[in-house]
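Take a look at the structure below.
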Amino acid sequence: MDLVATRFAPSPTGPLHIGGIRTALFNWLFSKNNKGKFYLRIEDTDKDRSKDIYKSQIIQSLKWIGIQHDDKEYIQSEKIVKHKEIANELLKKGFAYKCYCTENEIAEQKAKAKKMGTPFIYNRKCRDSKNLKITENINPVIRFKSKISGNAIVKDLVQGEINISNSTIEDFIILRKDGTPTYQLSAVVDDHLMNISHIIRGDDHKINTFKQKQIYEAMKWKIPEFAHIPLIHSSDGKKLSKRDSTSNLSEYIKIGILPEALRNYLLRLGWSHKDKEIFSLEESIKYFNLSGVGKSPSKLDKVRILSINEHYIKNMKEKDLYKNFKEYCQIHKKKIDGNLENKIMNSMYFLKNKAKCLEDIYKNAEYIIIKELNINPGDHALIDDNSKKIIKDFNEKIKESKKFDKGFLEKCINDLIEKHKTNLKGVGQPLRIMLTGSKFGPGIYDIILSLGKEEVEKRLNKLS
RNA sequence: GGUCCCAUCGUCUAACGGUUAGGACAGAUGGUUUUCAAUCAUCUAAUCGGGGUUCGAUUCCCCGUGGGACCGCCA
């Protein structure tokens, strides 16, 4: 078998959305599974809408989730000369023809067809040279001579056999009147030039396959395998749009979704391997195949992304988690003070316990990070005179202590429970409020130890 | 409207003619817990409808119904 080569070919006309990232992931995984190549091709032939900023954003996004492409990215616009060459060759060989119909003319036909409720395809007026009326001031487009009769079949690796009548495929444009190639032509020429063996893309491209296949056949080029994967829908069942914030990668990065968690989620969206839910990177490469890809579209589910992220947070080494967290804070929250780093790192084991994302960890750790606590007024009201006595007693006790560890604190608090004839809640709650500003939070011993003796005293001294 | 595709718990999905239709997320209940969580245990919940084929259909075929994609001198 020839070398497997796949590609991901986005156009740099906007940020990559989550569906695009999944397509890239499937391509990448498939090539890795087959020990093949994976290329990135930037389809920037729409000069008006393509922006460099999007190009680098796309590369950034892929890098973030851990997909790296082989070789340098392939820039489609650099190959335009070659594309034109092929268009002219098709023209010369009689597979294509010049069309002088004006855009207005076409628009009129289209409007009429719509009014009559009949399907529109270009009427092939210029296909027959007898009808050719060459007007001096009109630059022609070049159209491909599509098959008129018979049926075409594509054997799709995901969809199975797709059978379509050739009469529904129009004579599509391969070269615009300004002489630039269109997508249908460029994609085929590039895929051929790049020796792409498997084209894995969203099933919105399914019909294009029938156009593109005819170009391959005319050029007598080897036709690659096709796999059209179902699209991802938004939670309300509609097509994922760029305006939908849940489709945007930056939304997930902003709340602190880990790249490996999103990768795992995307992998399982539309693909499965028995009952397995969690896949390491190595496992996803090992198990990924096209036969595991389903045929029906799936909905994006943020709750599930969060839950997978939680799994990754819980199972990550604390050192690595802290590294991620530190970086996250620096970019999206506030930079962690150098003298707090150790405190937070050593507290990671409990700060992560209630977190589904890095933003949650930040919220949990905020009482350490923030210098001036804002005590929730409602919570503050819970500190009655008796509680104040307890806090004072506690503060006295720790002042004289030499050892500041859990054993000491347990004894300390148990003594106070006995002395004030209360329970753990009676001591724990007021302390928690004074130390964190809220009655909700981590275990009281964790809080005290994470702040350290000095900081605890400082905070308790503020009691009035 | 035309062409093509799809259809299992609310969601992601497993079962590729024979299972009490399985798992995960979400949800519910209980245990544990100073709080919120976490955790443990238990539970609720699905084969779109109608016809065939077959000893037997979630699975194969047909017809409905519902959803989606495409129908650009965009990609």
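The analysis underlying the following values was restricted to heavy atoms, covering all of them including side chains, and did not include hydrogens, waters or symmetry mates.
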Practice item. For A:G443, answer base if it contacts any base atom (sugar-phosphate contacts may also be present), sugar-phosphate if it contacts only those atoms, and nothing otherwise; contact means non-hydrogen atoms under 4.0 Å. Key: base
Point to revise | Nucleotide nearest A:I162 when distance is taken to its side chain, options B:A75, B:C5, B:U11 | key: B:C5
Check your understanding: Should A:K110 be listed as having a side-chain N or O under 4.0 Å from OP1 or OP2 of B:G72?
Key -> yes
**Study point:** Pair assignment for B:G18, Watson-Crick or G-U wobble, requiring both distances under 3.5 Å
**Key:** B:C55
Restricting to nitrogen or oxygen on both sides, can you table the protein-nucleotides 64-67 of chain B pairs closer than 3.5 Å?
none

Review point. OP1 or OP2 of B:A14 sitting under 4.0 Å from any side-chain N/O of A:S272?
Key: yes
Exercise for review: Write down the partner of B:A46 under the Watson-Crick or G-U wobble criteria, each distance required to be under 3.5 Å.
Suggested key: none
Practice item. Would you classify A:K314 as touching base, sugar-phosphate or nothing, given that sugar-phosphate means primed atoms plus P, OP1 and OP2, and contacts are heavy atoms under 4.0 Å? Key: sugar-phosphate
Check your understanding: According to a strict under-4.0 Å criterion, is A:K274 in side-chain N/O contact with OP1 or OP2 of B:A14?
Key -> no
Review point. Contact class for A:P10 vs. all strands (heavy atom < 4.0 Å): base, sugar-phosphate, or nothing?
Key: nothing
Check your understanding: Does the ring centre of A:Y362 sit less than 6.0 Å away from the ring centre of A:Y328?
Key -> no
Review point. Between B:C12, B:C73, B:C36, which nucleotide has the shortest distance from any of its atoms to the side chain of A:K177?
Key: B:C73
Practice item. Look at the side chain of A:T182 and decide which nucleotide, out of B:A69, B:C73, B:A7, has an atom nearest to it. Key: B:C73
N/O to N/O distances under 3.5 Å, protein versus nucleotides 24-32 of chain B:
unit_1 : atom_1 : unit_2 : atom_2 : d
B:A24  : O4'    : A:E277 : OE2    : 3.3
B:A24  : N3     : A:R304 : NH1    : 3.0
B:A24  : N3     : A:R304 : NH2    : 3.1
B:C25  : O4'    : A:R304 : NH1    : 3.4

Review point. With a 4.0 Å cut-off on heavy atoms, is A:N208 in touch with a base, just the backbone sugar-phosphate, or nothing at all?
Key: base
Review point. Do the numbers put A:R263 on top of the ring of A:Y265, so that NZ or CZ is under 6.0 Å from the six-membered ring centre and no more than 45° off the axis?
Key: no
Exercise for review: Output the single nucleotide from B:U39, B:C73, B:U35 whose closest atom is nearest the side chain of A:V141.
Suggested key: B:C73
Exercise for review: Please determine if a side-chain N or O atom of A:T45 lies less than 4.0 Å away from the OP1 or OP2 oxygen of B:A75.
Suggested key: yes
Point to revise | Spacing of A:I106 atom CD1 relative to B:G72 atom C1', expressed in whole Å | key: 11 Å
Exercise for review: Under the salt bridge (Lys or Arg N to Asp or Glu O under 4.0 Å) rule, collect the residues that match up with A:K145, sequence neighbours excluded.
Suggested key: none
Check your understanding: Hey, does A:N353 reach any base, or is it just sugar-phosphate, or nothing, if we go heavy atoms under 4.0 Å?
Key -> sugar-phosphate
Check your understanding: A:F226 vs A:H228 aromatic rings, parallel, tilted or perpendicular, using cut-offs 30° and 60°?
Key -> parallel
Exercise for review: Describe the nucleic acid contact of A:K302 in one word from base, sugar-phosphate, nothing, applying a heavy-atom distance below 4.0 Å.
Suggested key: nothing
Practice item. Describe the nucleic acid contact of A:I173 in one word from base, sugar-phosphate, nothing, applying a heavy-atom distance below 4.0 Å. Key: base
Exercise for review: Compute the ring centroids of A:W271 and A:F30, then answer whether they are less than 6.0 Å apart.
Suggested key: no
Exercise for review: May I ask you to say whether A:D191 pairs ionically with A:R7, meaning some side-chain N is under 4.0 Å from a carboxylate O?
Suggested key: yes
Exercise for review: Would you please name every residue forming a salt bridge (Lys or Arg N to Asp or Glu O under 4.0 Å) with A:E225, sequence neighbours left out?
Suggested key: none
Point to revise | Close approaches to RNA chain B from residues 413-421 of chain A, in residue order (heavy atom, under 4.0 Å) | key: none
Check your understanding: Would one find a side-chain N or O of A:K206 under 4.0 angstrom from OP1 or OP2 of B:C70?
Key -> no
Check your understanding: Is A:Q159 touching bases, backbone alone, or none of the nucleic acid, heavy atoms closer than 4.0 Å?
Key -> sugar-phosphate
Practice item. In plain terms, say whether A:E105 and A:K125 are close enough for a salt bridge, that is, a side-chain N and a carboxylate O under 4.0 Å apart. Key: yes
Review point. Are the side chain of A:K84 and the backbone of A:L175 linked by a donor-acceptor contact shorter than 3.5 Å?
Key: no
Review point. Using purine N1 to pyrimidine N3 plus N6-O4 or O6-N4 for Watson-Crick, or N1-O2 and O6-N3 for G-U wobble, each under 3.5 Å, what pairs with B:A69?
Key: B:U3
Point to revise | Cation-aromatic face contact A:K276/A:F279, 6.0 Å, 45 degrees | key: yes
Revision key, fill the gap. Taken in chain and number order and not counting sequence neighbours, the residues that satisfy salt bridge (Lys or Arg N to Asp or Glu O under 4.0 Å) with A:K356 are A:E310
Exercise for review: Answer with yes or no after comparing the ring centroid distance for A:Y74 and A:Y39 against a 6.0 Å cut-off, counting only values under it.
Suggested key: no
Check your understanding: Hey, do the aromatic rings of A:H273 and A:Y287 have their centres closer than 6.0 Å?
Key -> yes
Practice item. Determine the contact category for A:E103: base if any of its heavy atoms lies under 4.0 Å from a base atom, sugar-phosphate if only primed atoms, P, OP1 or OP2 are that close, otherwise nothing. Key: base
Review point. Looking for any heavy atom pair under 4.0 Å, which part of the strands does A:L269 touch: base, sugar-phosphate only, or nothing?
Key: sugar-phosphate
Check your understanding: Has the side chain of A:R268 got a donor or acceptor that lies under 3.5 Å from a partner of the other kind on the base of B:U13?
Key -> no
